[in-house]
Participant: 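Take a look at this one; I'll ask things after.
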Amino acid sequence: MPRLTLIAPAYNVQGYIRECIDSVLQQDFTDFEIVAVDDCSPDGSGEILDEFARRDTRVRVLHLGENVGLGRARNAGIEQATGDYLLFLDSDDTLAPGALGAIARRLDATDDPDVLIFDYTRTYWDGRRLPNQRADLLAETGPAVFSLADRPELLDLLQIVWNKAYRRDFVTRHGFQFPPGYYEDAPWTYSTLITADRLAVLDRTCVFYRQRREGGNILRTVSRKHFDVFDQYDRIFAYLEKHPELDHWRTAVFRKMADHYLTIMEKPGRLPRNARSEFFHRASADYRRRLPDGFVRPSGGRGYKYALLGMGSYPALAAATRARRLRNRSRLRSRERVIRAKRAAMGMFYQSQLRLGLDDNLAVFSAYWSRGYSCNPAAIDAELARLAPHIRRVWAVRTDQVGRVPKGVEVAVVGSRSYWTAVARAKYLVNNVNFANAVVKREGQIHLQTHHGTPLKTMGLDQMNFPASTSMDFEDLLKRCDRWDYSLSSNRFSTTVWERVYPCRYTSLETGYPRNDVLINSTAADVARVRRELGLKDGSSVFLYMPTHREYQKDFTPRLDLPRLADELGEDVTLLVRGHYFYKPNGRMAELQTSGRIIDVSAHQCVEDLYLASDALITDYSSAMFDYANLDRPIVIFADDWDTYKAVRGTYFDLMAEPPGAVATSQAQLTEILGSGEWQSEESATLRSQFRERYCDYDDGHAAERVVRKVFLGEESLLPVVPLAERKPAPSPAQALEPVERV
C-alpha cells in the first residue's frame, strides 16, 4: 500500500501529459502510485500513458469506454486507488520538485490529518509565474492540526481539489464523489472541508497550475455550461440538509455561493450575452430561497450587489456593472493623462539642465537598475571618497529602494528633479548596467561601465542567436553602449567578449573588479565579524547556495529541496541561500531557519560578506563562481539543467568540461559530494586552480584604486597587477578561527 495515490484524468492533453507524469516520476519521494485515467481521449493521451505504465510499475492506466468528464473520471480513479492519501493532479499541470516529499513529511508531522492543504503557483504560456494571491491563508502558525472552525478563512481559497491531500479512508467513509458538469470542484471542496475534523496546511508551492494560452480552462469559455454552477450549489445545500450537525456552516456557504454567482456574471468571456439576464434571475431565486435568518450583507459595493440579487433587479446590477467599468476606464485615462503631463514637464526640465555647464566635481552612481548601493559602483564610490573627497557622489535609486541605501549616502530618486539635474550636469556617470535611453551623453561627460560579472552566458550581440533574448532591441542596446567611455574587465576573457559583443568606441580598462578587492584585503577579524553578524556557529561548515536566474523561467523555480539537503548533511552544516527567487518559507524551512541551519540571505546588502563567511560556494551558472574563485575556496557546481540552459541562453565555454570544482547533476549527487568531503578534495582543488588561472587575471585587491586614479584623477598608467601566485586572499573561516581556538 503506497503512501500517496495521484489520480490524473486525461482528455485531449497529449501536448502536456508527458511533462505532467514526468514531474511525478522524477520526485525524490518514491512511495506513491499514479492512477492515470484515460477519459476516452480522442488524441494520443492514452497511448502516452500506456508508455509510462510499461516503463514504471508505479503507473497504472484506466481506459474508460466513453467520455464521462473530469469529475466522473476522478471517481473512477478513486475506485482504483490503494494509497493512504489521495491527490488529484490535472494532466496539464505539474508538481514542483520535492513536492511529494514535503507533503509526506507534513502528513507525518501532523499525524495524518483528514485533509492537508498546500500552495500552488500559476504558470503562463509566456513564462510568467504568479503566486497564489491568498497564500497568506496557508501560514503554518498556531496549532499544527485544527478544524475548519479554528480557521474558517480557508474557505476563501480557490475552490480546487488539486491543492490538497485527502486521507483515503476519510473519503470512502463519507462517500465523497465528484458530480458531473462545470464547477465540479465546489461540492467536493466545501463538503470535505466542513466535514473534516482534522485539517493541516503546508506553506509551500507543490503544484504549478498551467494557464493555457488557448483552451483547457472553462473559466475562459463562453458557454451556457456555466449554468452548471446552480446544480453544484444544489448539491452542497443538499449535503447540509443531510447533515444537520453542519448547519452552522450554512451562512458561510451561502456567502460563497453569492460571491461565486456574482463572479460568473461580472467576468467577461463566460456567459453568452443573451443568457446573462436568465443567469441573474436563476441566481436571484437561489439567493432568496437560501437566505439564512439574520444574514448580514457585506459592506460597500459588494453588499449593494447582494441587495440587488435579493431584489431580483437585473437592470440595476447591469447598470452598476457598466458604471463601474466606465469609472475604471475614466480613472485609468485620467491617470495616464497626468503621467504624460508629468513626463512632458520633467522632459522640459531635463532639457533646461542640459543647457547648463557640467559640474567637474559631481559623480552619479547607479547599480542593478537603480536598486540600491552595491557591486562595483559601490566599491568605486568608497575609494573615490578616500582618494578624491572633493568629488560629490550622488546615487540614483528607485523610490522603493531608498531604504536599502546606507546612511550618509546622498540619493537622487530616479525620475525626480534632483535626478535629472544630476545626470544632466555630472562629469562622471558610473553604472554596472546601462542608464535609461532618455539619458543624453553630453560632450565632456565620462560614462564608466563597470559590468557586474564574468560572462559564462552569452551577452550583447551574441544573444541574437538564442531564444531567451528574442524580445531585446539590439539597436537600442548599442545606442546605450555608444555612451560608454570606459568598460571595466576583471580578466582577459571578459575583455575579448565585451569588445566583440558591444562593438562601440570605448576604452577597455583591465583593472579587475572593484567589488572583489574585499576578497583579497579582508583580514581574519573581518571574516570572524561577518560570521558573528550572520549568527553562524564556530566550527560549522557553511555552504553558500547562489542559483542564477533562467531567462526561460520568469520566476525562480526551486531546483533543490533545501530542507531535505539540510537534514541529510546534519547539524554541523549551515546553508546560506541567496537569490532573487526563493522558496516561500514553509514549516520545515522555518524550523531549520530557527535552528540556524538554513539562513535566507537573499536580502543581504553585501554579497561579498557572504563570500567571506562561507566555507564553500554552491552555484549553477552564476557569475558568482568567478568572483568567489578569488578566495581560493571550494566551489561546487549543481547543474541539473545544463543542456537546457546552454541551448536557450547560450554559453561561452563548457562548464561541465572546465568546472571550478566538483560537479553534481542531481540532488543525490550533490548530497554525496558535500557529505563525503569530495567538495574539498585534491581533485576539486586542482580544478579550482586551473579555473583561477583562466579567470582571476586582475583581481588583486587594488582594482578600485586603479579605476579612481585612471578615470577620476586622470593618471595615465595603471598600477601593476600583483601576480596570481603572490596574492593572499582573505583567510578562510577555519583559518580565521584558529587563533581563537588556540586561546
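Keep in mind it's a predicted model, so treat the numbers as computed, not measured. Here, residue 1 is the first one in the sequence, and each next residue gets the next number.
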Participant: Would you call R531-D615 a salt bridge at under 4.0 Å N-O?
Facilitator: yes
Participant: Is the shortest distance from a Lys or Arg side-chain nitrogen in K164 or D114 to a carboxylate oxygen in the other one below 4.0 Å?
Facilitator: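 Between D114 and K164 there is no salt bridge, as every charged N stays at least 4.0 Å from the carboxylate O atoms.
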Participant: Is the side chain of S41 donor-acceptor paired with the backbone N or O of N12 at a distance under 3.5 Å, no angle test?
Facilitator: yes
Participant: Is it true that R3 and D112 make a salt bridge, defined as a side-chain N closer than 4.0 Å to a carboxylate O?
Facilitator: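 D112 and R3: salt-bridged.
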Participant: Are side-chain N/O atoms of S684 and E678 paired as donor and acceptor at under 3.5 Å?
Facilitator: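 No, because no side-chain N or O of S684 sits under 3.5 Å from a partner of the opposite role on E678.
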Participant: Do R198 side-chain atoms and T110 backbone N/O form a donor-acceptor pair below 3.5 Å?
Facilitator: yes
Participant: Could you check whether any side-chain N or O of S540 sits under 3.5 Å from a backbone N or O of D572, counting only pairs where one atom can act as donor and the other as acceptor?
Facilitator: no
Participant: Does R210 pair with D93 as a salt bridge, N-O distance under 4.0 Å?
Facilitator: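 D93 and R210: not salt-bridged.
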Participant: Give, for atom CD1 of I637 and atom CG of L655, the distance between the pair rounded to the nearest 0.5 Å.
Facilitator: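 These two atoms lie 5.0 Å from each other.
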Participant: Hey, do the aromatic rings of F176 and Y166 have their centres closer than 6.0 Å?
Facilitator: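 Judged by ring-centre distance (under 6.0 Å), F176 and Y166 do not meet the cut-off.
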Participant: Decide, yes or no, whether a salt bridge links R302 with D259 under the criterion of side-chain N to carboxylate O below 4.0 Å.
Facilitator: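 Yes.
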Participant: Any Lys/Arg nitrogen of R74 or D90 sitting under 4.0 Å from an Asp/Glu carboxylate oxygen of the other?
Facilitator: yes
Participant: Is the shortest side-chain N to carboxylate O distance from R18 to E51 below 4.0 Å?
Facilitator: yes
Participant: Without swapping roles, check the side chain of E184 against the backbone of P180 for a donor-acceptor pair under 3.5 Å.
Facilitator: no
Participant: Kindly confirm or rule out a cation-pi arrangement of R122 over Y209, judged by NZ or CZ under 6.0 Å from the six-membered ring centre and within 45° of its axis?
Facilitator: no
Participant: Would R55 and F52 count as a cation-pi pair here, with the cationic atom under 6.0 angstrom from the ring centre and within 45° of the axis?
Facilitator: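 Positive - R55 is close enough to the ring of F52 and near enough to its axis.
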Participant: Is it the case that the side chain of D39 and the backbone of Y11 share a donor-acceptor pair, with hydrogens and angles ignored and the cut-off at 3.5 Å?
Facilitator: no
Participant: Would you kindly say whether Q159 and H260 are connected by a side-chain donor-acceptor distance under 3.5 Å?
Facilitator: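 There is such a pair between these side chains.
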Participant: Is the F178 ring parallel, tilted or perpendicular to the F88 ring (thresholds 30°, 60°)?
Facilitator: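 Perpendicular.
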Participant: Can we say R106 and D108 salt-bridge, meaning some charged N sits less than 4.0 Å from an Asp/Glu carboxylate O?
Facilitator: no
Participant: Sort out for me which residue in Y183, Y233, F254 forms a ring pair (Phe, Tyr, Trp, His ring centres under 6.0 Å) with Y261.
Facilitator: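 Of Y183, Y233, F254, ring pair (Phe, Tyr, Trp, His ring centres under 6.0 Å) with Y261 is met by Y233 alone.
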Participant: Quick one: do D28 and R564 make a salt bridge, cutoff under 4.0 Å?
Facilitator: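 A salt bridge links D28 with R564.
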Participant: Can R129 be said to sit on top of F208's aromatic six-ring, NZ or CZ under 6.0 Å from centre and within 45° of the ring axis?
Facilitator: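 Ring-cation test returns yes.
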Participant: Flag the pair Y190 / W249 as yes when their ring centroid distance falls below 6.0 Å, and as no otherwise.
Facilitator: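 Ring-ring flag for Y190/W249: false, centres at least 6.0 Å apart.
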Participant: Pick one: which of N163, L4, L116, I34 meets side-chain contact (heavy atoms from CB on, under 4.5 Å) with L87?
Facilitator: L4
